[in-house]
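Single-structure report; data block below.
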Amino acid sequence: MFNRRSLMMAAASAFVLTAAGPAAAQDAIKIGNTMPYSGPASAYGQIGRTIEAYFNKLNAEGGVAGRQIEFITYDDAYSPPKAVEQTRRLIEQDEVDVLFQNLGTPSNTAIQKYVNAKKVPHLFLATGAAKWNMPDKFPMTTGWQPSYQTEGAIYAKWIQENVENPKIAILWQNDDFGKDYLIGMKEALGEAADSLIVAEAPYEVAQPTVDSEVLSLKASGANVFFIVATPKFAAQAIKKSHEIGWEAERFLSNVSVSVGAVLKPAGFEASKGVISAAYLKEATDPQWADDPAMAEWRAFMDEYYPDGDQASSFTVFGYGVAKTMEHVLEQAGEGADAQAILEAATSMDHVENPMLLPGITMTTGPTDFAPIEAMQLQRFNGETWELFGEIIHAESS
Amino acid sequence: MELFIQQIVAGVATGAIYACVALAVVMIYQAIHHLNFAQGEMAMFSTYIAWQMLQWGLPYWVVFPLVILVSFVGGFAIERIVFKPIENAPVLSHIVIFIALFAIFNSFAGFIWDFTIKAVPSPFGDGPLWEGAMIGKHQAGMIGVTLIVLLLLWGFFTFTRVGLAMRAAAVNPESARLVGIRVSMMTALGWGMASAIGAVAGMLIAPVVFLEPNMMLSILLYGFAGAVLGGLTSPLGAVIGGFIVGVVENLAGTYIPVIGGELKLPIALFLIVAVLLVKPAGLLGRRVVQRV
């Protein structure tokens, strides 16, 4: 542990430049990125490592559309000021063609205006905020994963169709992340929102516990408990609602679905029955044991990223998003410039991706920069997540 | 009505958390007449040590005293190594070191054990105290342990030579030295004890809020509020103060719509300011008069 971490930090403090041999450097396409390789959010760094490994694989196989990929990724330690500094470096000094998969809502918020002013495509960001889908204001910026609003809308749809006489209580983190879920859910409920949502309790991340909020929500008599919380508070809310014997249908935001980091600390018994939504295949789910796409992913991991965690959702995510970028570069064609790449990224038509759940595809258009807008619900059975029901669509356009 | 009672019970339960921390705050205040900003992080670090030992398979009731001992030695050592050399330096130097310790413990915990939350088991078991009870087994146990620690502290300061010597050293170092008390040793002892109480607090708090490097950040603030409210010189006052902060916070958050979730945290700060304005010594504290 010690070794891996210190190695990772050492690797991150120097920057990592890969692949492209000098001969190919001339026409290599430069892709820039910032990730937290150090600091509290460094676990996300695995996404960057996976993408890097995937581009290495592409380069080894002759590149994409006849060009090598030069992937330049810097450590921003999940700190917006550092992200700004590193992004400037990527654009001004390294002169990257596009930015790709920059991670974190705060960091991307900090660079969004600058990047758009510089007219550098800012593609497939690793964050679920809804504000990456504003083609009018920010024509360079696109998201990738389903946004928090989309997810909120998906739960709302399911609740309306499947819960009898729903009375919804919402615990939400008082910031953009929490508000996005509220907006998504209220928009999907439409005019019924005011009567169906019987209680809302915001909490601050500085609070020690959310016990008091959970008690108040239960007292509202709600039969649906929607937990919009980051891992620590999600675990507290799951544990507390079980402890006080609140028999509501519990929904959990996708950011806190980690079995190891949330449900196990909260207790498997207490977590039983919790519902969340998914769009990626789960690496540990036995139903994908014989899936050819997952077998391909495992082979890739063994060869190009042997240190990578094959039980982690981050490596699946990184592979899926890197595949999306590969598709876009192929579509943009030989000798494509930044504009052509942006166009390819924003005109995807039901593009399939081997890491997405069957039935979910990626679609973008001139007024819709959100590629993935469908999810499937899953229920925690006390050991693992089990997918159930149909794919639920919440396309914004 | 049911909600009202539930919120009070939940407030008492969280109040027990604050009370534990407030005790550690009072302890260190007795010894050095400062508030130690790194107190919470030291407690968090002790809790990680406990968690690690439990992971290695040691039984809880072996780990519990062992961690208290380790924390005592650790606190003692910190005083000897870091604070002894700057004994006569101005207050600001001490504060800078408190903040340095804060950052060091916080980062090291993240470095060694990473930032994901860990579940620390409760020695009292999970679930409600009895079928249908509003208070959990762990919460009840926590209140019990807090009261035991309080009793021990009171006994220590009132009846033991060392306890009396420690008080003398804190109140009047000059005279204490003249009657043969080793003042600087008393300070180190105070650090050790504060750190040991912090370890107890951390181990009791972690099952409720989950263990992670920032676990104590806001709890320490509430602990300060409890200690100031009850009186920084009075262990009993600190415990009562902690409970009051817990209950007031919950009731205000639930029933005063303006406060809601957003203003819950400032309640602790508001209490500190209000107490300092109206009754600076706190509910049960002694007025400290210093001749100059």
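A:Ser42 is not listed as a side-chain neighbour of B:Phe115, based on a closest heavy-atom distance of 4.5 Å or more. Proximity of B:Asn250 to A:Leu215: side-chain heavy atoms (C-beta onward) are nowhere separated by under 4.5 Å.
Other residues, nucleotides and ligands contribute over 12 non-hydrogen atoms within 6.0 Å of the CH2 atom of B:Trp61. Atom CZ of B:Phe124 has more than 12 neighbouring heavy atoms from other residues, nucleotides or ligands inside a 6.0 Å radius. More than 12 heavy atoms of other shown residues, nucleotides or ligands fall within 6.0 angstrom of atom NZ in B:Lys137. Surrounding CD of B:Gln55 are more than 12 heavy atoms belonging to other residues, nucleotides or ligands, all under 6.0 Å away. For CZ of B:Phe270, the number of neighbouring non-hydrogen atoms (other residues, nucleotides, ligands) closer than 6.0 Å is 12 at most.
Considering every non-hydrogen atom in both A:Pro265 and B:Phe210, the closest pair reads O-CE2, 3.1 Å. Residues A:Ala261 and B:Ile117 share a closest heavy-atom pair of O-CG1, 3.1 Å.
For a residue to count as touching a neighbouring chain, one of its non-hydrogen atoms must lie under 4.5 Å from one of that chain's; by this rule A:Ala201 does not touch chain B. Neither the backbone nor the side chain of B:Tyr255 comes within contact range of chain A; no heavy atom of the residue lies under 4.5 Å from a heavy atom of that chain. With a threshold of 4.5 angstrom between heavy atoms, B:Gln6 approaches chain A through its backbone and through its side chain.
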Apply side-chain contact (heavy atoms from CB on, under 4.5 Å) to the pair B:Thr14 and A:Asp211, showing each step before the final yes or no. CA-CA 9 Å; B:Thr14 15; A:Asp211 288 2; 5.6 Å; no
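At a heavy-atom separation below 4.5 angstrom, chain A is approached by B:Met215, B:Ser218, B:Ile219, B:Tyr222 within residues 215-227 of chain B.
Rounding to the nearest 0.5 angstrom, the gap separating the CD atom in B:Glu249 from the CD atom in A:Gln207 is 7.0 Å. Interatomic distance, CD1 of B:Ile135 versus CD of A:Glu243, reported as 10.5 Å (0.5 Å rounding). Atom CG of B:Asp126 is separated from atom NZ of A:Lys239 by 5.5 Å, given to the nearest 0.5 angstrom.
B:Gln7 contributes a side-chain N or O that, together with a main-chain N or O of A:Ser212, makes up a donor-acceptor pair within less than 3.5 Å.
The candidate from A:Pro231, A:Ala235, A:Ala219 with the greatest count of non-hydrogen atom pairs under 4.5 Å with chain B is A:Ala235.
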